[in-house]
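One is the number of the first residue; the rest follow in order along the sequence. Keep in mind the model is a prediction, meaning the values are calculated, not measured.
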Amino acid sequence: MSKIWWLQHADFLALAEQDRHRLLQLMHEARYEADKTVYSCTLPGDVIYLIQQGQVNLYQQTPADTRRKLVGLGPGDLFGSLGLMEEGYKKGFAVTLTDTRMLVLRRQAFERLMTFYPETGARVIGHFQQTHHAVLDLRTRLNARHTATRLYRLLLHHLENPAYTLGGQALPFPLDTRLMGEQLGCRPEVVQVCLHELSEQGLIRCEDEQIELLNRAALKKKWRKKTQRI
């Protein structure tokens, strides 16, 4: 499934001028009415959009079959889906907020770029990949701060619920970041960041696909401290 990604205007301008020029030469102009889905993960990948005028929102379909906003983009910003891009958001789509004019580079033109200017293509992909990785890393860490409270409560509930104990001892918690992400309403990568923090602090141990709670009192203290800030 194609993954959607984006770059802000400043990130696009950071690309070498010659590489930007070659990329823009292969793009064609397209106009879209307001409230129109211009990209969906169900469509073939290898497409790049550069917003010239208007506003576009990127969304992701959630496990609950609702949509959550990823980012709002405007003139100069770039988004798309490339098979060579390893990172991005699955089940994503782009919707125009206003009448919008964009430059578009589709698969056939992208293949020409890679064929006739392979070094340019490699630099473009490398820049997109590196820049979007930084965006994802920052978003993951910011989301982890908001997710931590819900994760603490989930682990404490498992510890305190008699249904999850045997002989007075808490049963190990299954280490399934995908399932936990669905329960907490976040990406699995965010859960991984939170679990790593707790593991580094010695509150839990993650091994053999299970989470073992090591310090109930300290975890409860962290949860109370977090909830008092809200």
Side-chain angles (χ1 to χ4, degrees), residues 1-62 67-140 142-143 187 189:
M1 179 178 291
S2 300
K3 299 179 181 180
I4 198 168
W5 49 267
W6 67 89
L7 274 72
Q8 302 290 344
H9 186 207
D11 297 324
F12 178 57
L13 291 179
L15 190 63
E17 183 177 357
Q18 182 182 40
D19 294 339
R20 290 202 316 271
H21 178 69
R22 287 176 174 170
L23 189 67
L24 293 172
Q25 278 187 317
L26 295 170
M27 304 179 88
H28 67 274
E29 184 178 292
R31 296 177 180 269
Y32 302 91
E33 298 177 351
D35 198 28
K36 181 176 179 60
T37 300
V38 297
Y39 169 82
S40 169
C41 62
T42 59
L43 300 174
D46 292 346
V47 58
I48 298 174
Y49 299 88
L50 175 61
I51 302 173
Q52 298 291 94
Q53 181 182 348
Q55 302 290 326
V56 177
N57 276 352
L58 304 188
Y59 298 96
Q60 183 180 43
Q61 184 177 350
T62 69
R67 71 181 189 180
R68 69 184 184 96
K69 181 180 175 181
L70 294 173
V71 67
L73 301 176
D77 297 334
L78 195 84
F79 69 94
S81 174
L82 295 174
L84 296 176
M85 289 278 289
E86 298 176 0
E87 296 184 305
Y89 287 85
K90 296 180 179 178
K91 297 184 179 180
F93 52 100
V95 180
T96 57
L97 293 183
T98 62
D99 290 349
T100 303
R101 176 169 54 87
M102 294 190 282
L103 295 179
V104 184
L105 186 146
R106 299 196 181 277
R107 179 189 295 271
Q108 189 175 11
F110 178 75
E111 291 175 348
R112 289 204 302 273
L113 175 69
M114 299 301 291
T115 299
F116 296 108
Y117 304 107
E119 293 184 357
T120 293
R123 286 193 296 267
V124 167
I125 295 299
H127 178 70
F128 288 178
Q129 187 78 20
Q130 183 179 16
T131 304
H132 193 59
H133 175 79
V135 171
L136 287 179
D137 184 64
L138 177 60
R139 289 174 65 91
T140 295
L142 290 175
N143 288 338
R187 302 177 70 208
E189 292 85 351

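Around the CD atom of E29, the shell of radius 6.0 Å holds more than 12 heavy atoms that belong to other residues, nucleotides or ligands. The number of heavy atoms from other shown groups lying within 6.0 Å of CD (E33) does not exceed 12.
Here the straight-line distance linking atom CG of D19 with atom CD of E119 works out to 9.5 Å at 0.5 Å rounding.
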For residues 44-51, run the donor-acceptor check on the side chains, cut-off 3.5 Å, and write out each pair with its distance to 0.1 Å, sequence neighbours left out.
from: D46; atom 1: OD1; to: G83; atom 2: N; distance (Å): 2.8
from: D46; atom 1: OD2; to: R107; atom 2: NH1; distance (Å): 3.3
from: Y49; atom 1: OH; to: V38; atom 2: O; distance (Å): 2.9

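Ring orientation note: the planes of H132 and Y89 are nearly perpendicular, at an angle over 60° on the 30°/60° scale.
With sequence neighbours excluded, the residues that form a side-chain hydrogen bond (donor to acceptor under 3.5 Å, both in side chains) with Q25 are H21. With sequence neighbours excluded, the residues satisfying ring-ring contact (aromatic ring centres under 6.0 Å, His included) with Y59 are F93.
Counting heavy atoms from C-beta outward, M102 and F79 have side chains that approach closer than 4.5 Å. Within the 4.5 Å cutoff, the side chain of F116 has no heavy atoms near those of the L26 side chain. For the pair L58/Y39, no side-chain contact is recorded, criterion being any heavy-atom separation below 4.5 Å from C-beta on. Contact annotation: the side chain of Y32 approaches that of V104 to within less than 4.5 Å [non-hydrogen atoms, C-beta and beyond].
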Derivation of the side-chain contact (heavy atoms from CB on, under 4.5 Å) call for R67 and N57: CA-CA 11 Å; R67 71 181 189 180; N57 276 352; over 6 Å; no
Check against side-chain contact (heavy atoms from CB on, under 4.5 Å), D77 and V71: CA-CA 11 Å; D77 297 334; V71 67; over 6 Å; no
R20/L13 under side-chain contact (heavy atoms from CB on, under 4.5 Å): CA gap, chis, key distance, verdict: CA-CA 8 Å; R20 290 202 316 271; L13 291 179; 4.1 Å; yes
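Minimum heavy-atom separation, P75 to Q52: CB-O, 3.7 Å. Residues R22 and T120 approach most closely at NH1-OG1, 2.9 Å, considering heavy atoms.
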